[in-house]
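Down below is the structure, laid out as structure tokens.
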Amino acid sequence: MAEAPSLPAGRAIRLRIDSDGWIKRAFMGVIALYLMVALALPLYAMLSKSFVTYSFDLARYEFQVSDESGTVWGEPVSAAALNAQLGKFSDADLASSTDGRLSVTDFFPDFSFRSPVKYRIRGVADNAPYLVGLDLRNSTEWQEFDSNTFRRINLRPVASTGLQNYTEYFSNPVLFSSIENSLYIATISTVLTVIFAFGFAYAINRSCMPFKGAFRLIAMMPILVPSLLPGIALIYMFGNQGFLKGILFGQSIYGPLGIVIGSVFFTFPHALIIISTALSISDQRQYEAAESLRASKWRTFWTVTIPGARYGLISAAFVTFTLVITDFGLPKVIGGQYNVLAIDIYKQVIGQQNFEMGAVVSVVLLIPAIVAFVVDRQVQKKQVSLLSARSVPYEPKPNRRFDMAMLAWCAAMGVFIAGIIGVCQFAALINYWPYDLSFSLRNYDFNKMDGGGWGAYWNSLELAALTAVIGTAIIFTGAYMVEKIDGFKTGRAVFQFLAMLPMAIPGMVLGLAYIFFFNNPANPLNGIYGTMAILVVSTVTHFYTVGHLTALTALKQIDAEFEPVAASLRQPFWRLFARVTVPVCLPAILDISIYMFVNAMTTVSAVVFLYSTHTALASVAVLNMDDAGDIAPAAAMGMMIFYTNATARVLHAFASRSILRRTQAWRVR
């Protein structure tokens with residue numbers, strides 16, 4: 001039987017991209033380009049800088065010396081030959097930073113600036129820089145100087161690439177110990193924070209105790225203040241003149257003890273949100289099954305509650321660990337002589353102007369942050385849905401003894417959190433601690449203090465407003481394009497990677513990367529360096545990921561049929577975006593905006609290297625006033641940030657209620 005003839009293979013069917021598809025790709029490309037310029041390229045510049053080393057290459061320079069008449073010149077001799085003869089500088093001595101200087105008179109033991117002897121210098125290579133006073137020279141021609149001018153000449157180092165910076169870092173016991181210190185502090189703080197936050201979340205979700213709403217508000221208070229503020233409060237409580245100093249039994253609050261206590265304070269709400277979410281989705285049927293099997297409360301806790309919340313606990317642990325190990329403000333205020341990685345970056349850049357070593361420490365700090373982020377993402381991928389259509393939400397049953405125990409636990413945590421804030425407010429209102437405890441507003445006269453005055457506060461308001469508006473627009477638009485675009489898998493994968501990357505980048509690392517990238521005169525974007533624009537770019541980029549994930553969660557809840565229906569009606573995507581997508585996702589958009597506003601007000605690490613005299617910020621002013629010894633005014637500025645964020649939260653709640661009543665009426669049947 002003859003086989004039926006087969007049709008020849010045709011061309012693969014490819015969907016034609018319409019104009020809306022091209023516009024979406026263009027928008028996504030523009031925002032991806034923004035992330036490349038604002039994140040990827042600066043990080044590459046910083047990584048490259050960490051391999052740049054500077055040293056004095058004495059073989060590049062030659063000298064000639066005249067007789068006392070200044071007319072007869074001796075034979076040319078290189079600086080390397082003179083150094084070999086004198087044995088003055090070793091290879092280690094010739095290593096330098098980018099701003100190093102080496103006086104040429106060190107090669108002439110008999111030099112006298114009053115001598116009539118004259119000197120000549122030239123470079124034997126194209127790159128042989130030297131300074132005459134402040135005038136930079138780089139010439140292969142002989143330059144002649146009298147003795148008085150010759151003493152003002154300094155050789156400049158030349159750049160090369162290699163692993164010397166990393167070798168120096170890991171061979172320096174003081175610098176290397178910062179890694180151990182950072183890991184130790186982060187581990188201890190993470191364990192304590194997760195335990196305390198789990199107890200608080202368990203009380204909120206699994207008990208019938210009273211005042212749950214009040215405790216939730218108190219627990220969120222640390223989000224509204226910069227991380228420096230708990231350090232200031234702890235100084236007033238347990239410092240050298242602290243009113244609770246005696247209960248430490250001789251231990252000093254300046255160091256690991258203070259950093260751990262402050263870290264628990266400012267990371268507590270972050271861990272609480274994650275753990276509380278994990279506990280709130282439990283299935284009542286599992287507990288009913290355990291009860292029918294006559295399992296004890298203790299066994300049910302370990303076999304049902306903990307396994308059900310394990311992913312939340314793991315995620316909370318990694319988030320807390322990352323926040324602590326990358327924090328700069330708290331160790332700066334109360335760390336004393338206890339070095340951690342974030343402080344080492346600050347010291348290398350601000351204190352020693354050694355940007356290359358600062359880049360090395362930044363790369364080292366990146367490693368634990370990225371590892372924690374990657375592990376957390378892998379754990380989240382393994383998480384499965386704990387609630388099905390048949391699930392029954394867990395409803396706690398009244399138990400007076402248990403409820404009172406949970407109330408006591410929450411009260412203790414509430415006193416700890418509210419006490420820190422209260423001490424800062426007390427410190428801001430007294431005249432002179434501890435000698436004059438009368439109340440006064442003189443600490444709020446910021447114009448008489450170092451740090452930028454009231455102008456710094458208004459700059460922070462401007463930064464927060466711009467970050468909330470511009471950041472929300474960029475983040476939500478980017479999330480919409482990547483979620484609602486058809487095909488283009490490779491482009492979407494690249495965009496998602498760029499959008500997730502900021503969560504793994506510590507603020508100080510990002511700030512230092514911006515110095516290397518934007519402070520380069522060859523960069524066409526150099527003009528924004530030192531302006532409010534670079535602070536907005538840095539802040540939006542630093543907090544991009546959380547907003548992006550929030551927007552994606554909201555967009556995934558919208559039926560995918562809207563786009564095909566709009567296309568069949570020949571409606572452009574931007575009309576669907578404006579009339580359907582934005583109103584439906586307005587709750588998420590408002591949440592993103594307030595998140596960006598609050599973090600812009602409190603951030604320190606992401607902007608501490610980037611502000612100028614005209615763009616000083618309130619959070620940085622707290623740091624500068626504390627450095628200058630004005631601790632009470634620093635507390636006052638910290639409380640201004642707290643009140644501003646609290647007011648913004650209240651206004652956000654009222655605005656949300658009013659706006660959502662009109663735009664979300666469709667949700668109510």
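Keep in mind that this is a model prediction, so the values were computed, not measured. Values below: all heavy atoms of this structure, side chains included; hydrogens, waters and symmetry mates excluded.
Shown here for Leu228 and Ser619, the closest heavy-atom pair between the two residues is CD1-O, 4.2 Å. Summarising the geometry of Val37 relative to Phe517, their closest heavy-atom pair is O-CE2, 3.6 Å, with the distance given to 0.1 Å. The heavy-atom pair separating Ala38 from Tyr514 by the smallest distance is O-OH, 2.5 Å. Summarising the geometry of Gly453 relative to Asn447, their closest heavy-atom pair is CA-OD1, 3.6 Å, with the distance given to 0.1 Å. Closest non-hydrogen pair, Ala600 versus Ala464, comes out as CB-CA, 3.6 Å. Residues Phe609 and Gly511 approach most closely at CD1-C, 4.0 Å, considering heavy atoms.
Among Val324, Leu323, Ile261, Thr267, the single residue meeting the side-chain contact (heavy atoms from CB on, under 4.5 Å) criterion with Ser189 is Val324.
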> For Val225 and Ile641, what are the C-alpha separation, side-chain angles and deciding distance, and is it a side-chain contact (heavy atoms from CB on, under 4.5 Å)?
Replying inline: CA-CA 6 Å; Val225 299; Ile641 296 174; 5.8 Å; no
> Does the side-chain contact (heavy atoms from CB on, under 4.5 Å) test come out yes or no for Ile505 and His542, once each step is laid out?
Replying inline: CA-CA 8 Å; Ile505 308 301; His542 184 41; 5.8 Å; no
> Taking it one step at a time, do Met413 and Phe268 satisfy side-chain contact (heavy atoms from CB on, under 4.5 Å)?
Replying inline: CA-CA 10 Å; Met413 295 305 302; Phe268 181 82; 3.6 Å; yes
> Would Leu461 and Met601 satisfy side-chain contact (heavy atoms from CB on, under 4.5 Å), going step by step from the backbone distance to the final call?
Replying inline: CA-CA 7 Å; Leu461 279 181; Met601 286 294 299; 4.2 Å; yes
>> Between Ser605 and Asp327, does the side chain to side chain donor-acceptor pair (under 3.5 Å) criterion hold? Intermediate values first, please.
In response: CA-CA 7 Å; Ser605 58; Asp327 180 57; over 6 Å; no
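Taking 4.5 Å as the limit, every side-chain heavy atom of Thr550 sits out of range of all side-chain heavy atoms of Tyr595. Contact of the Phe416 side chain with the Phe196 side chain is not registered, since no non-hydrogen atoms from C-beta on lie closer than 4.5 Å. Looking at Tyr444 and Leu429, their side chains come closer than 4.5 Å, going by heavy atoms from C-beta outward. Side chains of Leu610 and Tyr529 form a contact here, defined as non-hydrogen atoms less than 4.5 Å apart. You'll find the side chain of Leu341 reaches within 4.5 Å of the side chain of Val364, heavy atoms only. Between Val537 and Tyr34, the closest side-chain pair of non-hydrogen atoms falls below 4.5 Å. Met503 places a side-chain heavy atom less than 4.5 Å from the side chain of Leu549. Pro506 has its side chain within reach of Leu366: a pair of non-hydrogen atoms, C-beta onward, lies under 4.5 Å apart.
One finds the CD1 atom of Ile185 at 11.5 Å from the CZ atom of Phe321 (value rounded to the nearest 0.5 Å). To the nearest 0.5 Å, atoms CG (Leu617) and CH2 (Trp458) are separated by 14.5 Å. The distance from the OG atom of Ser178 to the CG atom of Asn339 is 4.5 Å, given to the nearest 0.5 Å. Between the CG atom in Leu510 and the CD1 atom in Ile515 there is a gap of 11.0 Å [rounded to 0.5 Å]. The distance from atom OG1 of Thr326 to atom CG of Leu365, rounded to the nearest 0.5 Å, is 6.5 Å. The OG1 atom of Thr602 sits 8.5 Å away from the CG atom of Leu224 when rounded to the nearest 0.5 Å.
One N or O on the side chain of Ser263 and one on the backbone of Ile259 form a donor-acceptor pair closer than 3.5 Å. A donor-acceptor pair is defined here as one N or O able to donate and one able to accept, closer than 3.5 Å; no such pair exists between the side chain of Thr467 and the backbone of Thr539. Counting only distance, with no hydrogens or angles, the side chain of Asp436 and the backbone of Tyr432 share no donor-acceptor pair below 3.5 Å. A distance-only check finds no donor-acceptor pair linking the side chain of His270 to the backbone of Thr320 [under 3.5 Å]. Side chain of Asn354 to backbone of Met357: a donor-acceptor contact under 3.5 angstrom is found. The backbone N or O of Ser207 lies less than 3.5 Å from a partner atom in the side chain of Lys212, making a donor-acceptor pair. A donor-acceptor pair is defined here as one N or O able to donate and one able to accept, closer than 3.5 Å; such a pair exists between the side chain of Asn443 and the backbone of Ala428. Checking side-chain atoms of Thr615 against main-chain N and O of Ser612 turns up a donor-acceptor pair under 3.5 Å. Side chain of Ser50 to backbone of Leu47: a donor-acceptor contact under 3.5 angstrom is found. The main-chain N or O of Val622 is never found under 3.5 Å from a side-chain atom of Asp626 such that the two would form a donor-acceptor pair.
Taking the six-membered ring where the residue is Trp, Tyr544 and His548 present parallel rings, their angle staying beneath 30° rather than reaching 60°. In this pair, Trp433 and Phe243 present their aromatic rings perpendicular. The plane angle is above 60°, beyond the 30 to 60° band. Ring geometry, Phe516 versus Phe355: the interplanar angle exceeds 60°, so the pair is classed perpendicular (tilted spans 30 to 60°).
Here Tyr457 and Phe446 keep their ring centres 6.0 angstrom or further from each other. If you look at Phe426 and Tyr236, their ring centroids are not closer than 6.0 Å.
For Phe211, the CZ atom counts as loosely surrounded, since its 6.0 Å shell holds 12 or fewer non-hydrogen atoms of other residues, nucleotides or ligands.
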